[in-house]
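Computed from a predicted model, the values in this text were never measured in an experiment.
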Amino acid sequence: MQTVSILGATGSIGTQTLDVLRQHRDRFQVGALTTFRRVSELKAMIEEFEPQHVVVSNKQQSDEIIRDYPKVDILYGANAYTEIAGAIQDALVVNAFVGSMGISPTIKAIEAHCSVALANKETLVAAGQLVMAKAKEVGVRIIPVDSEHSAIAQCLQGYEAQSVERLILTASGGPFRLMDQEALQYVTLADALAHPTWRMGPKITVDSATLMNKGLEVIEAHHLFAMPFDQIDVVVHPQSIIHSLVEFKDGALLAQLGAPDMRVPIQYALLEGRSFTTSPYKRLDLKTLGSLTFESPDWGRFPALRIAYECGRLGGGYPAVMNAANEVAAQAFLRDEISFLSIVDIVSDVLDRYQNDPITSLDDIFAADHFARALAMEIVFERGKDH
């Protein structure tokens, strides 16, 4: 039985991971679950999956869990979310945290000889070189959960790296794909959260609307597959049926197709890409599919994608700064403190004021992150007064 620990169990990826585990009770047992606020949902998960450990935010939540489940090991507080990642040696850790708080738990899991099924983009965006080097040193796997990177991993199975010409990530284009620049000034939070194809958490959905999410995925692909940025392309594919493609040097293209359901790449990650098994999820019927369309991203209306490429190429602390500034700005938009277009403007402002520093440790990453957050919060406050 493989032990699975889920960081962010009550979020979108976490709950869908548990959906998959229900289908494979003969293969997996739950070792640890975490939540920040949804204690009632966590209690239902404890009842069903009987984890060894759980993590919550504060003592009040901890006391509530202890009262009802005295045999479960309870941890609480900010450090507990990192410590739990390494609590069970050789577990498979599903990192479904949102934001840069996912970095330290990933490192902790690697140090405990745990492979990591990674749904936390920010880990590789901000600290990809350090994380991938550490995983190689310890001898564990970083397994992509994002549908795009899972698709690439599947297309690459059985092929040597030197046979690959380029990776092609697909993007839905988000809810504003056909909207002109003028109209983008007036979009609301409800508009941004109405993603046309995927069910995701609010921050990731906002990132999808700005196309920053795709920019983060480009940097993530660079680290996961050791591919230069010049050999990673993005194409807009509104139907979200082709999840990514690999072009080989002989001109052949391999594409991975499937219904837009995150449980499929989650299952592939849990099985560590070594086997396929029957699943109950929706199948693709090519006879009723209709047409699949593709177009180039609009770099003018959605500059976040260009910014991500630039930061990825510059390296150093730039990706961490971009990521942290975007987190602050996206959360401010979710609180209705700034406009939609201000998100990327704030990221650009922060990057313009950053002097790139060499990155040799996680402390360097966190220093860049701290700089970006503090400055972004100042800019949000200024812009918010006029919103």
> Could you give the distance from CG (N95) to SG (C114), rounded to the nearest 0.5 Å?
Replying inline: 12.0 Å
>> Do Q23 and Y281 make a side-chain contact, defined as non-hydrogen atoms from C-beta onward lying under 4.5 Å apart?
In response: yes
>> For S348 and D345, which I'm curious about, is there any donor-acceptor pair between the side chains at under 3.5 Å?
In response: no
>> Checking R306 against E310 for the side-chain contact (heavy atoms from CB on, under 4.5 Å) test, could you report, in this order, the C-alpha distance in whole Å, the side-chain angles of both residues, the deciding distance, and whether it holds?
In response: CA-CA 6 Å; R306 172 184 54 78; E310 290 174 355; 3.2 Å; yes
Please report, to 0.1 Å, the donor-acceptor pairs under 3.5 Å made by any side chain of residues 215-227, with sequence neighbours excluded.
unit_1	atom_1	unit_2	atom_2	d
E217	OE1	K214	NZ	2.6
E217	OE2	N213	ND2	3.2
H222	ND1	M227	O	2.7

> Does V347 belong to the same Ile/Leu/Val/Met/Phe/Trp/Tyr cluster as V187, with side-chain heavy atoms less than 4.5 Å apart forming each link?
Replying inline: yes
>> Checking side-chain contact (heavy atoms from CB on, under 4.5 Å) between L118 and each of V93, D146, T106, I143, which is the one that passes?
In response: T106
> Hey, mind stepping through T188 and D191 against side chain to side chain donor-acceptor pair (under 3.5 Å) and telling me if it holds?
Replying inline: CA-CA 5 Å; T188 67; D191 296 331; 3.0 Å; yes
> Going through the checks in order, is the side-chain contact (heavy atoms from CB on, under 4.5 Å) test met by S12 and M262?
Replying inline: CA-CA 9 Å; S12 174; M262 277 304 301; over 6 Å; no
>> With rounding to the nearest 0.5 angstrom, report the CD1 to CD1 distance, I103 to I365.
In response: 6.5 Å
> Is L167 close to S244 at the side-chain level, that is, under 4.5 Å between some pair of heavy atoms?
Replying inline: no
> Is any side-chain heavy atom of V145 closer than 4.5 Å to a side-chain heavy atom of S150?
Replying inline: no
> Within a reach of under 6.0 Å around CD of E41, are more than 12 heavy atoms found that belong to other residues, nucleotides or ligands?
Replying inline: yes
> What heavy-atom pair brings I74 and V54 nearest, and what distance separates the two atoms?
Replying inline: CD1-CG2, 3.1 Å
> Which atoms form the tightest heavy-atom contact between A119 and I13, and what is the distance?
Replying inline: CB-CG2, 4.0 Å
> Among V20, D19, L18, which residue meets the side-chain contact (heavy atoms from CB on, under 4.5 Å) test with I266?
Replying inline: V20
> Is M377 reachable from V344 through a run of I, L, V, M, F, W or Y residues, each pair having side-chain heavy atoms under 4.5 Å apart?
Replying inline: yes
>> Side-chain heavy atoms nearer than 4.5 Å, only ILVMFWY residues, links allowed to pass through others: does that put I6 and I84 together?
In response: no
> Is the shortest side-chain N to carboxylate O distance from D261 to K282 below 4.0 Å?
Replying inline: no
>> Using the rule given for side-chain contact (heavy atoms from CB on, under 4.5 Å), can you reason through T3 versus Q52, listing the C-alpha separation, both sets of side-chain angles and the distance that settles it, and then say yes or no?
In response: CA-CA 10 Å; T3 299; Q52 300 165 250; 4.2 Å; yes
> Would you call K43 and E47 a salt bridge, taking side-chain N to carboxylate O under 4.0 Å as the test?
Replying inline: no
> Is there a donor-acceptor contact under 3.5 Å from the side chain of T34 to the main chain of G8?
Replying inline: yes
> Out of curiosity, L351 CG to I307 CD1, how far, rounded to the nearest 0.5 Å?
Replying inline: 6.5 Å
> Taking atom CD of Q355 as the centre, does the number of heavy atoms from other residues, nucleotides or ligands within less than 6.0 Å exceed 12?
Replying inline: no
> Under 6.0 Å from the CG atom of N58, do we count more than 12 heavy atoms belonging to anything else shown?
Replying inline: yes
> If you take all heavy atoms of K249 and E165, which pair is closest and at what distance?
Replying inline: CG-OE1, 3.4 Å
>> Go through it in stages, so that I can follow the logic: the residues are E111 and K108, the test is side-chain contact (heavy atoms from CB on, under 4.5 Å), and I'd like the CA-CA distance, side-chain angles, deciding distance and then a yes or no.
In response: CA-CA 5 Å; E111 291 173 345; K108 193 72 173 182; 4.1 Å; yes
>> Nearest 0.5 angstrom please: F248 CZ to R166 CZ, how far?
In response: 12.5 Å
>> So which atom in H149 and which in P144 form the shortest heavy-atom distance, rounded to 0.1 Å?
In response: CB-CB, 3.5 Å
>> For the residue pair T35 / T10, report whether a side-chain donor-acceptor contact shorter than 3.5 Å exists.
In response: yes
>> Using the rule ring-ring contact (aromatic ring centres under 6.0 Å, His included), only one of Y318, F366, Y354 pairs with F371; which is it?
In response: Y354
>> So which atom in L75 and which in A80 form the shortest heavy-atom distance, rounded to 0.1 Å?
In response: CB-CB, 3.7 Å
> For L284, which fellow cluster members are found when Ile, Leu, Val, Met, Phe, Trp and Tyr are connected by side-chain heavy-atom distances below 4.5 angstrom, either directly or through intermediates?
Replying inline: I168, V235, I241, I242, L245, L253, L257, L286, L289, L292, F294
> Is there a side-chain contact between V94 and L270 (heavy atoms, below 4.5 Å)?
Replying inline: yes
>> Can you confirm whether R37 is buried at CZ, in the sense that more than 12 heavy atoms of other residues, nucleotides or ligands lie under 6.0 Å from that atom?
In response: no
> Is there a side-chain contact between F28 and L271, using heavy atoms and a 4.5 Å cut-off?
Replying inline: yes
> Charged N to carboxylate O below 4.0 Å: is that the case for E50 and K71?
Replying inline: no
> Are the side chains of L334 and Q331 in touch, meaning some heavy atoms are under 4.5 Å apart?
Replying inline: yes
>> Is it the case that the side chain of R301 and the backbone of M179 share a donor-acceptor pair, with hydrogens and angles ignored and the cut-off at 3.5 Å?
In response: yes
> If you group Ile, Leu, Val, Met, Phe, Trp and Tyr by side-chain heavy-atom gaps below 4.5 Å, do L124 and L314 land in one group?
Replying inline: yes
> Would S339 and Q185 count as a side chain to side chain donor-acceptor pair (under 3.5 Å) if you check the C-alpha gap in whole Å, the side-chain angles of each, and the deciding distance to 0.1 Å?
Replying inline: CA-CA 7 Å; S339 69; Q185 298 180 54; over 6 Å; no
> With a cut-off of 6.0 Å (strictly less than), are more than 12 heavy atoms of other residues, nucleotides or ligands near CD of Q89?
Replying inline: yes
>> Within the structure provided, determine whether H53 and I88 are in side-chain contact (heavy-atom separation under 4.5 Å).
In response: yes
> Rounded to the nearest 0.5 Å, how far does CE of M322 lie from CD of E122?
Replying inline: 9.5 Å
>> Would you say L254 ends up clustered with V234 if hydrophobic residues are merged whenever their side chains have heavy atoms under 4.5 Å apart, either directly or through other cluster members?
In response: yes
> Does the distance from a Lys or Arg side-chain N to an Asp or Glu carboxylate O, for R67 and D63, drop under 4.0 Å?
Replying inline: no
> Looking at the rings of F36 and Y81, which for Trp means the six-membered one, are their centres under 6.0 Å apart?
Replying inline: yes
> What are the two closest non-hydrogen atoms of P105 and A85, and how far apart are they?
Replying inline: O-CB, 3.2 Å
> Does a salt bridge link R313 with D230, judged by any charged N lying under 4.0 Å from a carboxylate O?
Replying inline: yes
> Do D207 and N326 come within less than 4.5 Å of each other through their side chains, counting heavy atoms only?
Replying inline: yes
> Using the ring of each side chain (for Trp, its six-membered ring), is F229 parallel, tilted or perpendicular to Y309, with breaks at 30° and 60°?
Replying inline: perpendicular
> CD1 of I379 to CG of D349: how many Å apart, nearest 0.5 Å?
Replying inline: 4.5 Å
